Every structure is written in C-alpha cells, then in structure tokens.
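Throughout, a chain's letter reflects where its sequence line sits, starting with A, and its residues are numbered from 1. Note that this is a predicted model, so its numbers are computed, not measured.
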Number of protein chains: 2
Amino acid sequence: MTIKDIALCCGVSVSTVSRVLNNHPNVSEAAREKVLCAIREHHFVPNGSARDLVKLESDAVGLVLRGIANSFFAELIPTMDQLILDAGYTPILHQIRSDMDELDAAAKLARAKRLKGLILLGGSNDYTQEQIAALDVPFVLCTYTNSFGNLTPEQYSSVTIDDRRTGCAAAKLLLERGHRRIAILLDSIRDRSVSELRWMGFREALEEAGVPFDPALLAETVSYDMAGAYSRTKKLLADGEAFTALFAVSDAMAIAAIRALHEAGRSVPEDCSVVSVDGIALTRYTIPSLTTFVQPQKEIVCTAVQTLIDLIEGRGPNRQIVLNAVPRFGQSVRQL
Amino acid sequence: MTIKDIALCCGVSVSTVSRVLNNHPNVSEAAREKVLCAIREHHFVPNGSARDLVKLESDAVGLVLRGIANSFFAELIPTMDQLILDAGYTPILHQIRSDMDELDAAAKLARAKRLKGLILLGGSNDYTQEQIAALDVPFVLCTYTNSFGNLTPEQYSSVTIDDRRTGCAAAKLLLERGHRRIAILLDSIRDRSVSELRWMGFREALEEAGVPFDPALLAETVSYDMAGAYSRTKKLLADGEAFTALFAVSDAMAIAAIRALHEAGRSVPEDCSVVSVDGIALTRYTIPSLTTFVQPQKEIVCTAVQTLIDLIEGRGPNRQIVLNAVPRFGQSVRQL
DNA sequence: TTGTATATTGGAAACGTTTCCAATTTATAT
DNA sequence: ATATAAATTGGAAACGTTTCCAATATACAA
C-alpha cells in the first residue's frame, strides 16, 4: 500500500493524497473525504523513510547511553523518552556497548538518521575538539563526569549534579555530629567515576576540618553491586577497623553495609552512623530509614530535555547546569 | 555529504561507492582504498532513510510500552534493547500514552517503519481478530494480562509469568507453616491487573485448604507505591485486625508494610510473617531479609526476544510461554 | 457573455540510496 | 596476436514521499 495505490483507487493524483496527509489547505472537501476514507479502509500509513528522505530532516532526537551497567540511567530513560515525545520530537534510544566510543557512535547515528539533537547519558567531557565538530547537531551531556574538561563552556551544554560537593556535604554532615573515624564505601574509583568525585569531596571536607583520614577506612569494592558492598563491609569489620560512621556512595551499598554491620552485632545508628547518596524511595521505609543525599532525578531529566529543545529551536546558547543533591534525614545517623 | 559527493571526489561512480559501503566483492582494491579514505576524511555516513526506502525493509524491531507507570517494564527495557541489538536487529522503543490504543499505535509504527517485528510490553490479549490482522508483522506479547482471551493459541505468541499460580503458591507457603489469618496487601484490583490474578490464586489456595478468608484482611491500596502500602498497613493495624502473616504483591510494598508493622511494635517474623513477589536484589539485604517469589526477569526478556526472532526468521509457530516465579527464602517467615 | 481572481488539481523533479544490466577493462589461454 | 572469460565499472531505474509549478476548474464581478 503506497500513496500511489490510494491515489489510484480514489481517482485523484498522488499530490492530492499527499496534501490530505499533510493537512494542506488546498484540497476540496470532496477529495479529502474520498482519500481519508480509502486510507482508513486500507490501513494505509505513509512510509517514514520516504518522508524523511524527501524532507531532508527528521524530528528525531537521539538518546545515547553507553552500557547498561548503571541502573540510575536505565531509570531515567522512560521519563526522558516521554518528555521528548511531549515536546513534539521523536526519541530514538541508542545503546552503545561499553567497549565502543560513544561519541563516534553518536555522530554516526546523528548523520544516519539526520537527528535534530542528542542527549548523551553518562559520558565525560574530555572529548576532542575534533569529535565535537564531527557531531554537528546540538547535544547535551547528561550526568557526565567532568574529568579533563577539554571543552570550553561555549562548546557544550550539560546537566549534572555536583558529585564532589555531595561527597563534601556528606562528610560535613558526619563531622558536625562529632564523628572522626569515618569509613567510606565506594565502587571502583579507577575510571574518573562518580565514586572518585565523591571521594575527592569527602577527603577535602576532612582536610578542611583538620581530621586525618586513615587509609584503612577506604573500602573500595570490586564488583559494582550490593554483593560487593556487603562483602567489602564484612572485610572491613573482620580487619577490626574502628569507625563510628560510614559514608556509602549509593543507597543500595548503604543497605548492604547495614546488613553486614547488623550481622556483626553492630546496629545503626547506635554503633555506627550511615549516610549515603541517591534518595531512592525505599530509603524512607528501611529499618532504620536512611539519611541520604537525594539526587534530583526528575529535575535532571527535565532540565536536560529542556536545554536540548532550547538549543534545537535556537533559543539561548550552550550552558552548563549543575544541580545539587539535598540531604533527607532518616534514622541512620546519630550525634556522638 | 552524500554518496554522490564521495563518488565525485574519488573519480568513481556512485555504484562503486555503494558497493564499497555494502562490502560487495566486485570492487578493485585500488578503488576500495580510495573510497574508504574519502569516507573517513569526510565523516560520511550513509543516509538510513534512503537505504531503508530502497531496501523495502528495515532491520528494526519495535518495543511497544504503554505508559510508564509500571517500573517493572522500565527495568526490562535496556536489557531487551541490548538483546535485540545482539541478535542483529535495531530496536525501536515506542512509548504510548496510557489513553491511547496500543495495538493501533503499534500497527501504525510497524507500517511507518516497516518493522520486522514487535514486542508488546504489558498489554492484554483481548484484542479483536481485526486488530491482530491489521498488525501484519510477527509479534510477542510480553507479560500481558490474559484477561478475555479473544485469541486462539495459533494467533499470538506470548511470554508471561503465571500470576494466579504465584498467588496460590504464596498462600500455600504460609498455610503450610500454620498461618490461618493471613492479610493480603495489593494495589488496585479494578483493571484485571496482576494484583487481581495473584489475589485470585491466593483465595483459591485458602479455599482449597478449607480456610475461610476474612474480608477485613483484604488491604487494597489507593496509590500504587510504597506510601500507599505503608498507610494501608497502618490502617489495617489501627483497625485492630488480627493476623499472623501478610502477603504483599510486591517487594516494595512488603518493605513499606514491614516498616508500618515495626512502628506499631510488631516485629517480623516474630509477630508477623511476610511473603512477597518480585525478588529484587535488595530483599537479600533488608533486615529481616525477605521471603519472596522471584520473577525470572532475565528469562522473560530472553524468551520474549528469542521467540520474536524465531517468528521473524520463520522458525517455529506461535507459542505461549508461561514462566514461574520461584520462592527465595529469607528471614521474614516463621513457622507458627 | 467575457474577463479576472481564486481554489483545486496533476505532472514531474527531487531526496540518497541499492541493484540490475550492459559496457568496459583486465587477465588468461590459445 | 587473438579469442574468450573474468573482473570491474558506470548508467539508470526504482523505492515512496513532498513540493514546486503550471494547468485546469470554479466563482465572482462587470
């Protein structure tokens, strides 16, 4: 079924059918009626490829995500998808294997599908000028890691939370309550990750307060999951390290750590205070409920989409937006 | 940049460039080298629309999801996306607003993008014969609700878990341990939902065991989230209902319920046993850890994708696959 | 009635590819 | 050198739309 078939069976020209499909005003009521009827009857839907081809542009926006390791991003996707749809664009989700160059893949995608714009989830901003130039559509880096900062603020847009500052705030929260020996539980810091940034902030806060940090209290997990956090905490306890508080870089890790503490006969917050980051809904209901720095998920998504749309539609220049995680107090922290 | 430009700047014909792009054997080494070089230099990527148009088919598979209410599906998406990619197809995620007809939208999508196949997430099988006919590509219903069953087994493929049976098994687990007054906590059962199916199974098991069910122990929440489960459990306790066990239709609800019980001075499992469904990773680490019926998420996703690929590639007929949730024992249940 | 303005229509080119077929070049055998 | 086969190449049609432009039909005024 093509536009031609519809034209034929209605006794009108191809142009007329096209005009009906596109709501052009110059079509007589009689013709429109006939054509619409035939379209309904034959379940005709115009071929998107042909359309895009002749229009020289699509209304598509790419959502590029590397790997599926991080479930934080996975959770954002449906919401982002919906927001893009609401803005009148067509979202195209594109996952990239973790062993590939995401910017390269994004550039290919943008060209192949003539995308209007791109949202890059969880990349970094140490891309080369060349790579950015190759990517010739508006784009927004969303919760990227600001590692080398090869780019000037004019060259890119981004929405992120300030992980360093969050780590700093978490440490301060515990320091203010009299804690001095604080363990930190994080996943691999090798790759300039979120973990590393939070860890940096944490260290800074300690230094600023003049509190020395015992390297034995740095608990880095091998596997990025709860099992890893659980066993690493067990090890920390087995090693006989003394600490009155623990900062976990995610709620999930905190929950696993609390179980390890519990099994070692140490209850939270009586024997050990716990602070984490994420603010997943569950943390209000665990026993004890968690004191956690809530990531403004919804705000991140909305801001990223809005920023991209603004860029696409020519409103405003590139801008970097930094959002903050705010603490929500639960029962997992006590004053010493 | 088009194939024509590349041809021009290499001094070869359009056909030759196309052959290089498609790895046709009939290209001299010299020509291939020249063309590849030009492609690299100009960052040329062939236009997907033009390609699809002339090929009369794409390698795309649609992933249709209605609404984003259910986070269970949201979690499946990235995995499914990856699996489809691995199978050599291009996944296209398409969310449909909850006030629209998902089958209609799916049919449109299939035609517009010449899809190879469709996976419909969380629909039902009470579609009309006509709708199914309109949808002229292979499709798989994934975790749909088998409500009216308008279709014969030859007409559709599906992958689902047996919710009725799960409810039944949960009740049996508690009955076997001596519990007789069992509360059930579920979200709205109005819409032939998963909740209703589990509730039906639960009731059947009680009947079969000759245990009467006290309607006061049926706790239906208004809002589908933890806040709703928490306050509903509070109400159940405030009403002074006596029960020695509680069956929650999701882990999240169970955790919220346990907190409500805890705040009322009733500990789990000493004063009340709790069983739930889902098997999210967290349930191993909460205190107490949960006894829960684990949904075979990964298996559902793999099976759905594999079934679709088989259909597309002409291997095997339509089939309905029913998977079972299996119990994982935690500390939340005790023998009376 | 005729002329003019307006509404409607159809024809045809264009979008960027792929692929068939015929033409050309190159290699091989005689 | 010539004939033949094989490898390589270019030309052109086709895919299904949109849109410009010219042509036709219709309405209205003089």
Side-chain angles (χ1 to χ4, degrees), chain A residues 1-39 42-60 90 107-116 136-137, chain B residues 1-39 42-60 90 108-116 136:
Chain A
M1 259 304 139
T2 74
I3 217 178
K4 217 168 178 174
D5 300 318
I6 298 289
L8 223 64
C9 94
C10 287
V12 298
S13 74
V14 168
S15 331
T16 302
V17 178
S18 175
R19 274 187 288 257
V20 171
L21 285 170
N22 294 283
N23 293 315
H24 268 266
N26 288 348
V27 175
S28 68
E29 207 41 56
R32 159 165 286 120
E33 204 52 50
K34 250 194 308 186
V35 171
L36 283 177
C37 181
I39 286 174
H42 294 90
H43 298 292
F44 169 74
V45 178
N47 181 318
S49 304
R51 245 183 188 177
D52 289 346
L53 179 57
V54 66
K55 288 212 168 173
L56 291 181
E57 61 166 27
S58 71
D59 56 354
T90 303
K108 279 210 176 67
L109 183 72
R111 284 185 151 69
K113 307 227 169 176
R114 296 178 179 284
L115 298 184
K116 272 270 174 58
D136 61 354
V137 291
Chain B
M1 260 303 139
T2 74
I3 217 179
K4 218 169 179 173
D5 300 318
I6 297 289
L8 224 64
C9 94
C10 287
V12 299
S13 73
V14 168
S15 331
T16 303
V17 178
S18 175
R19 274 188 288 257
V20 171
L21 285 171
N22 295 282
N23 293 316
H24 268 267
N26 288 346
V27 176
S28 68
E29 207 40 57
R32 159 166 285 120
E33 203 54 48
K34 251 194 307 187
V35 171
L36 282 177
C37 181
I39 286 174
H42 294 88
H43 299 291
F44 169 74
V45 178
N47 183 317
S49 305
R51 240 179 194 183
D52 289 346
L53 179 58
V54 66
K55 287 210 167 173
L56 290 182
E57 62 167 26
S58 72
D59 56 355
T90 303
K108 280 210 175 66
L109 183 71
R111 285 185 150 68
K113 307 228 169 177
R114 296 177 176 285
L115 298 184
K116 273 269 174 59
D136 61 354

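Side-chain contact between A:Lys55 and B:Ser49 is absent, with no heavy-atom pair separated by less than 4.5 Å. Contact annotation: the side chain of A:Thr90 never approaches that of A:Ser58 to less than 4.5 Å [non-hydrogen atoms, C-beta and beyond]. Residues B:Leu21 and B:Arg51 have side chains in contact (heavy-atom distance under 4.5 Å, counting atoms from C-beta outward).
A:Ser15 comes within contact range of at least one nucleobase, with a heavy-atom separation under 4.0 Å. Among the protein residues, A:Arg32 comes within range of no part of the nucleic acid, since none of its heavy atoms lies under 4.0 Å from any strand. Among the atoms of the strands shown, only primed sugar atoms or phosphate atoms (P, OP1, OP2) are found under 4.0 Å from some heavy atom of A:Leu56. Nucleic acid contact class of A:Asn22 (heavy atoms, under 4.0 Å, all strands): sugar-phosphate only.
To the nearest angstrom, C1' of C:dC15 lies 18 Å from NZ of B:Lys55. If you take CD of B:Glu29 and C1' of D:dT8, they are 13 Å apart, rounded to a whole angstrom. For B:His24 and D:dA7, the NE2 to C1' distance is 15 Å, given to the nearest whole Å. Protein atom CZ of B:Arg114 is 8 Å distant from nucleotide atom C1' of D:dG16, rounded to whole Å. Rounded to an integer number of Å, the gap from A:Lys4 NZ to C:dG10 C1' is 14 Å. Computed from coordinates, the B:Ile6 CD1 to D:dT9 P distance equals 17 Å when rounded to whole Å. Put simply, CG on B:Asp52 is 15 Å from C1' on D:dA14, counting in whole angstrom units. Between A:Leu53 atom CG and C:dC15 atom P the separation is 9 Å, expressed in whole Å.
Between B:Asn47 and C:dC15, a side-chain N or O to OP1/OP2 separation shorter than 4.0 Å is absent. Contact annotation: A:Ser28 side-chain N/O to C:dT9 OP1/OP2 distance is under 4.0 Å. Checking the phosphate oxygens (OP1, OP2) of D:dT19, no side-chain nitrogen or oxygen of A:Ser18 falls inside 4.0 Å. Within the 4.0 Å cut-off from OP1 or OP2 of C:dG16, not a single side-chain nitrogen or oxygen of B:Thr2 is found. Considering only side-chain N and O atoms, B:Ser13 lies nowhere under 4.0 angstrom from the phosphate OP1 or OP2 of D:dT9.
Along DNA chain C, the nucleotide nearest B:Pro46 and the nucleotide nearest A:Arg19 are compared for position; the residue whose nucleotide lies closer to the 5' end is A:Arg19.
Side-chain atoms of B:Ile3 lie closest to C:dT17 of the nucleotides C:dT9, C:dT17, D:dT9. The nucleotide whose nearest atom lies closest to any side-chain atom of B:Arg51 is, among D:dT17, C:dT17, D:dG16, C:dT17. The side chain of A:Val54 approaches D:dT18 more closely than any other nucleotide in the set C:dG10, D:dT18, C:dT17. The side chain of B:Thr16 lies closest to D:dG10, out of C:dG16, D:dG10, D:dT19. The listed nucleotides are D:dG16, C:dT17, C:dT19; the one nearest the side chain of A:Ala50 is D:dG16. Listed nucleotides: C:dT19, D:dT8, C:dC15. Nearest to the side chain of B:Asn26: D:dT8. The side chain of A:Val14 lies closest to D:dT18 when the candidates are C:dC20, C:dG16, D:dT18. Taking every side-chain heavy atom of A:Phe44 into account, D:dT17 is the closest of C:dT17, D:dT17, C:dT9.
Contact record, A:Arg111 with B:His43: NE-O, 2.9 Å, taken as the closest heavy-atom pair.
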Original post:
Between A:Asn47 and A:Thr2, does a side chain to side chain contact (heavy atoms under 4.5 Å, CB included) hold up when you go through it step by step?
Top reply: CA-CA 8 Å; A:Asn47 181 318; A:Thr2 74; over 6 Å; no

**OP:** Report the C-alpha separation of A:Ser13 and A:Thr16 in whole Å, then their side-chain angles, then the decisive distance to 0.1 Å, and conclude whether the side chain to side chain donor-acceptor pair (under 3.5 Å) test is met.
**Re:** CA-CA 5 Å; A:Ser13 74; A:Thr16 302; 3.2 Å; yes

